[in-house]
Number of protein chains: 2
Amino acid sequence: MSQVLKAHINKFLPLNDEEYSAILPYLKVQKVKKKQNLMTEGEICKQHYFVEKGCLRKFFINEKGVEQTTEFAIENWWMTDHIAYERQHATLFNIQAVEHTEIVILDYQSQEKLFEQFSFMERYFRFVYQRAFAATQMRIKFLFDYSKEEMYHHFIKTQGAFAQRIPQYLLASYLGLTPEYLSEIRAKRFS
Amino acid sequence: MSQVLKAHINKFLPLNDEEYSAILPYLKVQKVKKKQNLMTEGEICKQHYFVEKGCLRKFFINEKGVEQTTEFAIENWWMTDHIAYERQHATLFNIQAVEHTEIVILDYQSQEKLFEQFSFMERYFRFVYQRAFAATQMRIKFLFDYSKEEMYHHFIKTQGAFAQRIPQYLLASYLGLTPEYLSEIRAKRFS
DNA sequence: CGGATCGTTGATCAACTTCAACGGTCGTGG
DNA sequence: CCACGACCGTTGAAGTTGATCAACGATCCG
């Protein structure tokens, strides 16, 4: 088992080898190929994914039949449909690998057991959710504050390295604009 | 001290009177008048607010100088600028009472102490953040999925009672459209 | 009663989408 | 190893959604 998750937990709280070994039985590692689906709309959402390497995206199919990406998860991010996961319901989202990705899978029952048995896991996920929530708070602010063009420039400025890793149509999908318009915005740089 | 917060904690975990009494010294209740500010842009964000009665809103001033509401908090919701709170930084947001409101205040130092001393509080806030995060995930989905007109109808359909409580220009601000356009959408109902 | 605030209406305007077409590149099968 | 098709990014024209601006009426509150 890779040390990436252990290192991540360690960023929030002290964790010795013994403690880490104790939680390992609840986790499963998996490799996912590019474009492979981990979760599909309509399924019961049973799992929570931690990205050790690579990139996942979460998207839904909008009313026009177009894939709309709501979130990316790169190294050290957890991802699932949190509503469907908590309630063990059918999900509205799809989760797919953007590139070859290595993940840790935690299923719902296991996560509940971890919370009951290890208070440090309760603490760890309190941090994880707190941070994730804070991040979406900023995402919502940007969605209101910026025009589509500003969204693009802000993304390039703050996530430039990541922008290189993904195809342009996925960036367009995440920013909420059409590939054509994104292309037009990019063209302006040279005029 | 009102029982609203106790009841809320009890929704997630068992809590006896003794335990509740133990955390009370860390909390402060306060009444807030309509339009009174609890937090102002530029200040260090030291506090976390729980609404027992009434309604708060969080907003920022956008590039055009217009107030943009990103979130409402009604009964049983916690609210703060989570990024600024976690890092004890200056906030980018304002928090203001929409109507006469009764809140519980938890300051950052107290919250940290509660986490250290009472594992049930760690658990409680793990739930609170998990739910809040799940809610913003849906909000982001709606922001992408719906046109402004659909945003309005969806809000009326799912939050109709709350919509009655707030003035129309605040609803417009929350939905991300102009009061003029909201007025136009409403007018369509009768044509 | 008088002023400020809120909701409405209509005209004009800007941001962004849609649609159609084209060229380049990449990967796959022959 | 080449050829073909699929996919991706780009361009431009036309169309839509929603913003802006100005003006007016209603209501609320002092």
Side-chain angles (χ1 to χ4, degrees), chain A residues 33-37 55 57 59-69 72 96-100 142-156 160 162-191, chain B residues 33-37 55 57 59-69 72 96-100 142-156 160 162-191:
Chain A
K33 283 186 205 145
K34 186 172 174 171
K35 301 224 172 174
Q36 186 181 332
N37 263 41
C55 177
R57 74 184 179 107
F59 66 95
F60 66 95
I61 312 292
N62 72 15
E63 296 178 328
K64 291 169 193 153
V66 177
E67 292 184 2
Q68 175 65 57
T69 302
F72 288 112
Q96 190 179 79
V98 173
E99 52 195 43
H100 176 83
F142 294 142
L143 284 171
F144 280 120
D145 206 11
Y146 293 153
S147 68
K148 306 272 160 135
E149 186 169 349
E150 288 169 329
M151 285 286 285
Y152 171 74
H153 290 306
H154 178 260
F155 189 85
I156 292 299
F162 175 63
Q164 304 303 320
R165 271 167 68 176
I166 58 173
Q168 212 165 293
Y169 69 94
L170 282 188
L171 178 53
S173 171
Y174 176 74
L175 295 177
L177 40 75
T178 57
E180 292 94 329
Y181 190 52
L182 179 53
S183 190
E184 197 181 320
I185 291 169
R186 285 165 51 84
K188 286 189 193 171
R189 296 184 69 88
F190 310 112
S191 62
Chain B
K33 283 186 205 146
K34 187 172 173 171
K35 299 223 173 176
Q36 186 181 331
N37 263 40
C55 177
R57 73 183 179 108
F59 66 96
F60 66 96
I61 313 291
N62 71 17
E63 296 178 329
K64 292 169 193 151
V66 177
E67 292 184 1
Q68 176 64 57
T69 302
F72 289 112
Q96 190 180 77
V98 172
E99 52 194 46
H100 175 82
F142 294 143
L143 284 172
F144 280 119
D145 206 11
Y146 294 154
S147 68
K148 305 273 161 141
E149 186 169 349
E150 288 169 329
M151 284 287 284
Y152 170 75
H153 291 306
H154 179 259
F155 189 85
I156 292 300
F162 175 64
Q164 305 302 320
R165 271 166 70 176
I166 58 173
Q168 212 165 294
Y169 69 93
L170 282 188
L171 179 54
S173 171
Y174 176 73
L175 296 177
L177 39 76
T178 58
E180 294 93 328
Y181 190 53
L182 179 53
S183 191
E184 196 181 321
I185 291 169
R186 285 166 50 83
K188 286 190 194 171
R189 295 184 69 86
F190 309 114
S191 62

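Here is how names work: the chains are called A, B, and so on, in the same order as the sequence lines, proteins then strands, and each is numbered from 1.
With C/dT17, C/dT8, D/dT20 as the candidates, the nucleotide lying closest to the side chain of B/Gln168 is C/dT8. Comparing C/dT9, C/dT17, C/dC19 against the side chain of A/Glu180 picks out C/dC19 as the nearest. Comparing D/dC8, C/dA20, D/dA22 against the side chain of A/Tyr169 picks out D/dC8 as the nearest. Counting only heavy atoms from C-beta on, B/Lys35 has its side chain closest to C/dC6 among C/dC6, C/dT17, D/dA19.
What separates CD of B/Gln164 from P of C/dG7 is a distance of 13 Å, to the nearest Å. With rounding to whole Å, A/Leu171 atom CG is found 14 Å from D/dC8 atom P. In this structure, the CE atom of B/Met151 is 15 Å from the C1' atom of D/dT17, given to the nearest Å. The interatomic distance linking A/Leu175 (CG) with C/dA15 (C1') rounds to 16 Å, in whole Å. In this entry the distance linking CD of A/Glu184 with P of C/dA14 reads 15 Å, nearest Å. Taking atom OH on A/Tyr152 and atom C1' on D/dT10, their separation rounds to 14 Å, with Å as the unit. Between the P atom of C/dC6 and the CG atom of B/Leu170 lies a distance of 9 Å, rounded to the nearest Å. Atom-to-atom, CD1 of A/Ile185 to P of D/dT10 comes out at 11 Å; the value is rounded to the nearest Å.
Here A/Ser183 does not reach the OP1 or OP2 of D/dG9: none of its side-chain N or O atoms lies under 4.0 Å away. Taking side-chain N and O atoms only, B/Tyr181 has no distance below 4.0 Å to OP1 or OP2 of D/dA19. Between B/Lys64 and the phosphate of D/dA19, there is no side-chain N or O to OP1/OP2 separation shorter than 4.0 Å.
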### Task
Check the pair B/Phe144, A/Phe60 against ring-ring contact (aromatic ring centres under 6.0 Å, His included), reporting the backbone distance first and the verdict last.
CA-CA 10 Å; B/Phe144 280 119; A/Phe60 66 95; 7.4 Å; no
### Message
For a side-chain contact (heavy atoms from CB on, under 4.5 Å) check, start with the C-alpha distance between B/Glu150 and B/Asp145, then their side-chain angles and the critical distance, and finish with the verdict.
### Response
CA-CA 9 Å; B/Glu150 288 169 329; B/Asp145 206 11; over 6 Å; no
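One N or O on the side chain of A/Lys148 and one on the backbone of A/Gly176 form a donor-acceptor pair closer than 3.5 Å. Between the side chain of A/Ser173 and the backbone N or O of A/Thr69 there is at least one donor-acceptor pair closer than 3.5 Å.
Nearer the 5' end of DNA chain C, as judged by each residue's closest nucleotide, is the contact made by B/Ile166, out of B/Ile166 and A/Leu177.
A perpendicular orientation is assigned to the rings of B/Phe72 and B/Phe162, their planes being inclined by more than 60° (bins at 30° and 60°).
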